[in-house]
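A short write-up of the structure that comes next.
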Number of protein chains: 2
Amino acid sequence: MNDDAMDLRARNRQATREAISHSALRLAIEQGPHGLAMVRVHDIATAAGVSPRTYNNYFSSREEAICSFQADQSRRVGQALRSRPAGEPLDQAVIAAVVELYTDPEPDKAGLRMIMSTPALEGEALKAFSMAEGPLAEAIAARTGADLSRDLFPAVTAAAVAGAIRVAGRRWLEPGNTDAFAAILRRALSCVLPAGPAEDQRDR
Amino acid sequence: MNDDAMDLRARNRQATREAISHSALRLAIEQGPHGLAMVRVHDIATAAGVSPRTYNNYFSSREEAICSFQADQSRRVGQALRSRPAGEPLDQAVIAAVVELYTDPEPDKAGLRMIMSTPALEGEALKAFSMAEGPLAEAIAARTGADLSRDLFPAVTAAAVAGAIRVAGRRWLEPGNTDAFAAILRRALSCVLPAGPAEDQRDR
DNA sequence: CGCACCAGGTGCGCGCCACGCAAGTTGTGG
DNA sequence: CCACAACTTGCGTGGCGCGCACCTGGTGCG
């Protein structure tokens, strides 16, 4: 996050990674979902100002490079939940954390549309969204006092939340939609979030 | 399903597809999660008794071939829910449908472990599980009278159910686990299923 | 019953891609 | 100032996805 918290090496590395990811996404959007096959690795690397060989020191496929911005976003969900006040009920905390993370700034609609409506990116996009699950499950367990290795509740809820975010994104991108992303997110999340971890949902 | 409901062409096609899928999974399991790269397309095709060219008339990647059994399973979830009695509450119907589908017969533990614990298969495995979502959302909408194009509840719940199945599978495969898959599935699903579609969870 | 038709299997070839290897280059710490 | 470590890059290799054209065998029609 804080560039000056890293040494020059790390900052350059981060910058290179972002340059590649950004170029990959931009070129993909330019070609549209149906022309993905025309986006060559060589083009991405050149646009990012590196050699093709370097591109694949960072990403092992075009799909991964294109979707990496979403993967990064997902990785932040756990931390976002942890930064909510401790007393807040689980459902409110999760909703607040997710809405804040996903609406500041408003996500890139073209990018989201690209990764969510391109068949060839489907697997990688699902991977990207599911990257939230691990950290999120840990954060939920920490907040509710559940035991990740015994209770199913944290991991299942985390998966449900990730799924809800994905469905909300799909709905937000639908042609006729006029609602704000935040509103859709709240509605989607409230479908899967209990007020708190009810005792009868803990196991063993 | 019913082989004799299809003409010879379709049956041969189906048989070829299954032969390839089965060979792919078997070879992958033999090499284990860390030797996936050694499973060549040529080996899969030969083991299935077809040419490499034919293999990729059916699947466009090894990953897809290996995970196709799970994709097929997921595609049946919607129909399984529809075959539950109409009066049954949503949560019970979904749990019963999923448990029946996933425990008759008991799933291939080695196969499930292969696709769920091999990093190179992660994207394809997620795709396979998420294939349940569309048909399942339709079935939920049909059962609850919700409108798929307006309400978020069906799609979000379907995604949550798919996620719960995935988490249950992961837990079932854990080394120390002694519980039956059915029991884990029930617990996981009950974390995300409301007793019924509460009115305040319908939107608009 | 026989024939024309077409779905599907196969061989061939092309372009692309992931990745190991061995330099060359640049930041870092003593 | 120097030795080391991290990173970039060019090259070579093996494999893969897929378009194309050809062949074979199931199908439906007269």
Side-chain angles (χ1 to χ4, degrees), chain A residues 3-25 27-28 31 33-68 118-124 127, chain B residues 3-25 27-28 31 33-68 118-124 127:
Chain A
D3 279 9
D4 30 44
M6 307 186 281
D7 62 359
L8 221 190
R9 280 260 166 83
R11 266 185 292 141
N12 281 340
R13 196 173 162 77
Q14 178 81 359
T16 303
R17 185 183 187 83
E18 278 170 15
I20 297 172
S21 162
H22 187 265
S23 298
L25 182 60
L27 291 176
Q31 297 296 331
H34 304 293
L36 217 188
M38 319 182 64
V39 178
R40 307 264 171 261
V41 162
H42 174 265
D43 305 331
I44 298 175
T46 302
V50 297
S51 80
R53 187 62 186 81
T54 297
Y55 140 88
N56 110 347
N57 286 338
Y58 287 87
F59 301 102
S60 54
S61 71
R62 275 164 307 168
E63 293 78 12
E64 191 183 332
I66 295 170
C67 295
S68 81
T118 302
L121 295 179
E122 192 184 344
E124 204 57 38
K127 261 174 71 175
Chain B
D3 279 10
D4 30 46
M6 306 185 282
D7 63 358
L8 221 191
R9 280 254 169 84
R11 267 186 292 141
N12 282 339
R13 195 172 163 76
Q14 179 80 0
T16 303
R17 184 183 186 83
E18 279 171 13
I20 297 172
S21 162
H22 187 266
S23 298
L25 182 59
L27 291 176
Q31 297 296 332
H34 304 291
L36 218 190
M38 320 182 63
V39 179
R40 306 262 172 265
V41 162
H42 174 266
D43 306 331
I44 298 175
T46 302
V50 297
S51 80
R53 187 63 187 82
T54 296
Y55 140 87
N56 108 354
N57 285 340
Y58 286 88
F59 302 102
S60 54
S61 70
R62 276 165 306 166
E63 294 78 12
E64 190 183 333
I66 294 171
C67 295
S68 82
T118 303
L121 295 178
E122 191 184 343
E124 204 57 37
K127 260 174 73 175

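Reminder, nothing fancy here: chain letters follow the sequence lines and each chain counts from 1. Scope of the values below: all heavy atoms of this structure, side chains included, with no hydrogens, waters or symmetry mates.
B/Glu64 pairs by the side chain to side chain contact (heavy atoms under 4.5 Å, CB included) definition with B/Phe59, B/Ser60, B/Ser61, B/Glu124, not counting sequence neighbours.
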Detail all sub-3.5 Å separations between protein N/O atoms and N/O atoms belonging to nucleotides 25-28 of chain C.
from, atom 1, to, atom 2, distance (Å)
C/dG27, N3, A/Arg9, NH2, 3.1
C/dT28, OP1, A/Leu8, N, 2.9
C/dT28, OP1, A/Arg9, N, 3.2

Could you list the protein-to-nucleotides 20-24 of chain D atom pairs, N/O on both sides, closer than 3.5 Å?
from, atom 1, to, atom 2, distance (Å)
D/dC20, N4, B/Arg53, NH2, 3.4

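We find that NE2 of A/His42 is positioned 12 Å from P of D/dT9, with the value rounded to whole Å. Between the CD1 atom of A/Ile20 and the C1' atom of C/dC17 there is a distance of 15 Å, rounded to whole Å. Spacing between atom CG of A/Asn57 and atom C1' of D/dA6 amounts to 11 Å, rounded to whole angstrom units. Atom CD in A/Glu64 sits about 9 Å away from atom P in C/dC19, given to the nearest Å. We find that CZ of B/Arg40 is positioned 10 Å from C1' of D/dC16, with the value rounded to whole Å. Between the OH atom of B/Tyr58 and the C1' atom of D/dC16 there is a distance of 20 Å, rounded to whole Å. Between the P atom of C/dC16 and the CE atom of A/Met38 lies a distance of 11 Å, rounded to the nearest Å. The distance between atom CG of B/Asn56 and atom C1' of D/dG15, rounded to the nearest whole Å, is 12 Å.
Atom OG1 of A/Thr16 and atom CZ of A/Arg11 lie 12.0 Å apart (nearest 0.5 Å).
Within 4.0 Å of B/Phe59, counting heavy atoms only, lies no atom of the nucleic acid at all.
If A/Arg13 and B/Glu63 are placed on DNA chain D by their nearest nucleotide, the residue sitting closer to the 5' end is A/Arg13. Between A/Pro52 and B/Val39, the residue anchored nearer the 5' end of DNA chain D, judged by the nucleotide with its closest heavy atom, is A/Pro52.
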Run B/Arg9 and B/Asn12 through side chain to side chain donor-acceptor pair (under 3.5 Å) and show every step you take.
CA-CA 5 Å; B/Arg9 280 254 169 84; B/Asn12 282 339; over 6 Å; no
Give the C-alpha distance, both sets of side-chain angles, the deciding distance and a yes or no for side chain to side chain contact (heavy atoms under 4.5 Å, CB included) between B/Glu18 and B/Tyr58.
CA-CA 10 Å; B/Glu18 279 171 13; B/Tyr58 286 88; over 6 Å; no
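Residues A/Ser68 and A/Ser21 share a closest heavy-atom pair of OG-OG, 2.9 Å. In terms of heavy atoms, A/Arg62 sits closest to A/Ala37 at NH1-O, 4.1 Å. For the pair A/Ile44 and A/Ser23, the tightest heavy-atom approach, listed with the atom from each and the gap, is O-CB, 3.9 Å. Closest of all the heavy-atom pairs between B/Glu63 and B/Leu121 is CG-CD2, 3.5 Å. In plain terms, the two heavy atoms of B/Thr118 and B/Leu36 that are nearest each other are CG2-CD1, 3.6 Å.
Of the candidate nucleotides C/dC17, C/dA18, D/dT8, D/dT8 has the atom lying nearest to any side-chain atom of A/Thr54. For A/Ser61, whose side chain is taken as the heavy atoms from C-beta onward, the closest listed nucleotide among C/dA18, C/dT10, D/dC18 is C/dA18. Side-chain proximity of B/Ser51 to D/dC16, D/dC18, C/dT10: nearest is C/dT10. Of the candidates C/dG11, D/dT8, C/dA18, the closest approach to any side-chain atom of A/Tyr55 belongs to C/dA18.
With hydrogens and angles disregarded, no donor-acceptor distance shorter than 3.5 Å links the side chain of A/Tyr55 to the backbone of A/Thr46.
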